[in-house]
Novice: 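Before I ask anything, here is the structure I am working with.
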Amino acid sequence: MSRPSAPRAEARVDLEAIRSNVAALDAHAGRACVMAVVKADGYGHGMVPTARAAVAGGATWLGVATIDEALALRAAGLTARILAWMVTPGEQWDRAITADVDVSVNSVWGIREVSAAALLADRPARVHLKVDSGLGRAGATQADWPDLVDAALKAEANGYLRLTGVWSHFAYADEPGHPTVAAQVQVFRDAVALAERHGARPEVRHLANSAATFTLPEAHFDLVRAGIAVYGLSPVPQRHEPAELGLRPAMTLAARLMLVKRVPSGYGVSYAHEYLTTAETSLGLVPLGFADGIPRDATNIGPVLVGGRRRTIAGRVCMDQFMLDLGDDPVVAGDEVLVFGPGDSGEPSAEDWARALGTISYEVVSRVGPRVARTYREIIQT
Ligand SMILES: *Cc1c(COP(=O)(O)O)cnc(C)c1O
């Protein structure tokens, strides 16, 4: 599909940054391998281009939430190991098995369903067992763990599955030193030891996300699952800027002014006039709204760069557009507005947006909507 030469709005994704961010993660991971987490359309960056760049940077595994996401990666020709961890009863296990996708199972019903599918497919499923080491989310509780392990080992003995992984996820990895972190490492070690005592021989044991990859070497085990750092955003933003971790933000969200108009003092701007001009000024109209991932909560808060200056969204963010008060700046329709990016030109970062809105950078990038074109800066071939 051809793109207009001057798009209305675009998310520019720097695949070279993604490649080098994964290489930085790989260096930090020591002897552990890197799983690049590309769920949710690669945190908004585009799942397939992100996955390819991550593999070029040294990722040997790709992580996704759904089997559909895993199948889309296979359909695009990615041959790396893939783990899909969100399954529901009646899941399309057969498709995961035939596409060589590892799946996570956290309960005995999952072992039963995946075994039945493996019998029909006439080949074993690859299964990672998930234990709840303290996040209180998707893993099997410590109480349920022995029965889950035994069900999996029985299915393995019958040839229905290969128990390829044992894994868990942190609650507080972004607060290094939080007492739950060490406690979770210990619970995980105990869960792995129990599984091994019962006869499990997993290829990979994995616990660390991006934050733990950088801050907790004892959590690296055989594989680290890195998401946010792949995209160049800091997993520990209170402590480290991305550059301090060898990371570079990969996404720049840009749009072009559609209209610039002079208005008098006291002029009400956008729905319910939540912004009133305080002097004669220029208003600028930007073609991004809450349907594109600019939260309505960014009303009178969201920072941007236009005409070389920081400006703040003026008035309510609408579904498709928002306004800026540009003062007397000599900007015109067609000029570029940078919403966030790596900061090279003085534009805000995704982290700045997260702070302004009381959220995390994960949400800022992953909510950029499908109407915003993704354009790619390709990997530099060396
Ligand atoms: C999303 C996700 C990750 C990646 O976490 P980051 O903090 O982005 O590195 C790792 N593991 C699981 C289970 C996830 O859901």
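Ligands are counted one by one from 1 in listed order, and the atoms in each one are counted from 1 as well.
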Novice: Closer than 4.0 angstrom, basic N to acidic O: yes or no for D100 and R74?
Specialist: no
Novice: Tabulation required: pairs of a nitrogen or oxygen in ligand 1 and a protein nitrogen or oxygen under 3.5 Å; columns are atom names and distance to 0.1 Å; otherwise 'none'.
Specialist:
residue  : atom   : partner : partner atom : Å
ligand 1 : 7 (O)  : Y362    : OH           : 2.6
ligand 1 : 8 (O)  : Y43     : OH           : 2.6
ligand 1 : 8 (O)  : I228    : N            : 2.8
ligand 1 : 9 (O)  : S210    : N            : 2.9
ligand 1 : 9 (O)  : S210    : OG           : 2.5
ligand 1 : 9 (O)  : G227    : N            : 2.9
ligand 1 : 11 (N) : R225    : NE           : 2.9
ligand 1 : 11 (N) : R225    : NH2          : 3.4
ligand 1 : 15 (O) : K39     : NZ           : 2.7

Novice: Can you classify the ring geometry of Y172 versus H178 as parallel (below 30°), tilted (30 to 60°) or perpendicular (above 60°)?
Specialist: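 Plane angle under 30°, so parallel.
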Novice: Under the salt bridge (charged side-chain N to carboxylate O under 4.0 Å, His left out) rule, what pairs show up with a residue in residues 152-163, not counting sequence neighbours?
Specialist: E156-R162
Novice: Once you measure the plane-to-plane angle for W61 and H206, does it fall in the parallel (<30°), tilted (30-60°) or perpendicular (>60°) bin?
Specialist: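 Taking H206 first and then W61, their aromatic rings sit tilted (interplane angle of 30° to 60°).
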Novice: Taking atom CG as the centre, does D122 end up with more than 12 heavy-atom neighbours from other residues, nucleotides or ligands that are less than 6.0 angstrom away?
Specialist: no
Novice: Compute the ring centroids of F221 and F188, then answer whether they are less than 6.0 Å apart.
Specialist: yes
